[in-house]
Amino acid sequence: MSLTQELLAILATRPGIAILTGAGLSAESGVPTFREAQSGLWAKFSPQELATPEAFADNPQRVWDWYRWRRELVSRAEPNPAHLAIAELEAGLPCCQLVTQNVDGLLQRAGARQVTELHGNLWRQKCAAGCGAVQTVNVPGHDALPRCQRCNALMRPDVVWFGETLSQAALADAGAAIKAAGIVIVCGTSNLVYPAAALPLEALRMGKTVVEINPARTPLSSNVPFYIGETASNALPAIAQELLQAST
Ligand code: OAD
């Protein structure tokens, strides 16, 4: 039996798919991952200087320059075949829920309608003083530090930094997506950052069938029944096509 046939057999008795994604999903769009030895962002930049509340308090200009650079990089990137395959699965299967650690918005640009974003979004900024103001932007922005239109405090990127807690609502949505699924596909994450990395483990504990897609093995790989050692855009379009064909 091929992998897809096995997945179809599982879906016949336990319908529903949750797809959990990380930075590797966007690697083939030219967006760097975080932890890969040569190309990862954390190999070149210090997270302590760029992605903590303390770094922002110490030097907001440095933090904003880095996030604007990342916005520029993402604005030049296009969704790749894996993003498109995931969007097609969401549209074509009766219960397919998407959860991502990515902040790049590329799944949405590929046509995905509902994405639970565990780590925020690069294209949103929020009041750093916590007045609750949130703003969505569609251009990287200019050199000046953006200010809150409500209380005039500095705005900051609406992403989760080291030392910060994730949105409880997003975590609850991710948990619900796993609970509702027969199959959980985990793609393009090193499975090192918690609490996101706990989600596939929770899925295994709940008896879900977990499929991991990643060219490099991760701490999850030896625990899952299906490990696919390929890139996202090699593996996902073929799986999506067969699953969608079988469901029509
Ligand atoms: P990492 O950089 O930790 O891991 C990326 C994973 O993608 C690695 O396991 C690679 O092997 C894999 N990969 C690379 N190219 C791939 C491809 N073409 N197809 C499939 N997989 C590929 O990224 P994340 O696990 O997403 O958090 O990192 C988690 C969090 O750590 C990020 O959301 C970010 C970071 O600090 C915040 O900024 C809060």
Side-chain angles (χ1 to χ4, degrees), residues 19-56 63 66-67 69-71 73-74 77-86 98-107 110 115-126 156-167 170-171 174 185-201 211-224 226-240:
I19 307 180
L20 316 183
T21 52
L25 176 68
S26 299
E28 289 161 283
S29 295
V31 180
T33 60
F34 292 93
R35 287 177 187 75
E36 286 180 282
Q38 301 302 321
S39 56
L41 288 173
W42 297 150
K44 297 183 187 134
F45 302 99
S46 153
Q48 284 74 28
E49 287 182 8
L50 297 165
T52 65
E54 294 76 20
F56 186 76
V63 172
W66 192 66
Y67 276 91
W69 170 75
R70 286 181 61 200
R71 282 179 177 173
L73 204 147
V74 166
E78 292 296 333
N80 67 51
H83 293 109
L84 296 168
I86 291 174
L98 314 184
V99 178
T100 192
Q101 294 173 75
N102 296 349
V103 296
D104 56 30
L106 283 173
L107 272 172
V115 184
T116 297
E117 296 179 312
L118 293 172
H119 292 166
N121 190 299
L122 211 47
W123 299 99
R124 263 196 330 262
Q125 49 206 34
K126 65 181 180 183
R156 55 161 278 183
D158 190 4
V159 298
V160 178
W161 283 331
F162 289 97
E164 296 185 318
T165 51
L166 277 64
S167 143
L171 267 181
I185 298 178
V186 183
C187 177
T189 171
S190 59
N191 289 300
L192 290 171
V193 175
Y194 284 78
L199 294 168
L201 300 176
V211 180
E212 185 186 27
I213 301 170
N214 194 319
R217 293 181 73 84
T218 74
L220 182 69
S221 310
S222 54
N223 299 310
V224 299
F226 300 105
Y227 167 72
I228 305 172
E230 291 178 30
T231 68
S233 69
N234 271 344
L236 271 168
I239 294 174

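Whatever order the structure lists ligands and atoms in, that order sets their numbers, starting from 1.
Legend: salt bridge (Lys or Arg N to Asp or Glu O under 4.0 Å) pairs involving residues 156-165, not counting sequence neighbours, sorted by first then second residue: Arg124-Asp158, Lys126-Asp158, Arg156-Glu164.
Rounded to the nearest 0.5 angstrom, Asn223 CG and Glu212 CD are separated by 9.5 Å.
At a 3.5 angstrom cut-off on N or O pairs, Ala232 counts as close to ligand 1. Here's the thing with Thr189: one of its N/O atoms is less than 3.5 angstrom from an N/O atom of ligand 1. Every N/O-N/O distance between Cys187 and ligand 1 stays at or above 3.5 Å. At least one N or O atom of Arg35 sits closer than 3.5 Å to an N or O atom of ligand 1.
Residue contacts with ligand 1 include Pro215, since one of its heavy atoms falls under 4.0 Å from the ligand. Assignment of Trp42 to the shell around ligand 1 is supported, since a heavy atom sits closer than 4.0 Å. Residue-ligand proximity: Val193 is placed with a non-hydrogen atom under 4.0 Å from ligand 1.
Remark: minimum distance from atom 10 (C) of ligand 1 to any protein heavy atom is reached at Asn214 OD1, 3.6 Å. Scanning the protein heavy atoms around atom 13 (N) of ligand 1, the nearest turns out to be Gly24 CA, 3.6 Å. With respect to atom 1 (P) of ligand 1, the closest heavy atom belonging to the protein is Ser190 OG, 3.7 Å. Nearest protein neighbour of atom 26 (O) of ligand 1, counting heavy atoms only, is Ala23 N, 2.8 Å. Counting only heavy atoms of the protein, atom 32 (C) of ligand 1 lies nearest to Phe34 CE1, 3.6 Å. Protein heavy atom in closest approach to atom 39 (C) of ligand 1: Val160 O, 2.9 Å. Nearest non-hydrogen protein atom to atom 18 (N) of ligand 1 is Glu28 OE1, 2.8 Å. The nearest heavy-atom contact from the protein to atom 15 (N) of ligand 1 is Ala27 CB, 3.7 Å.
Near Ala216, meaning under 4.0 Å from one of its heavy atoms, ligand 1 places the atoms 11 (O). Contact atoms of ligand 1 toward Gly22: 26 (O) (distance under 4.0 Å to a heavy atom of the residue).
Between the side chains of Ser26 and Asp104, at least one donor-acceptor pair of N or O atoms lies under 3.5 Å.
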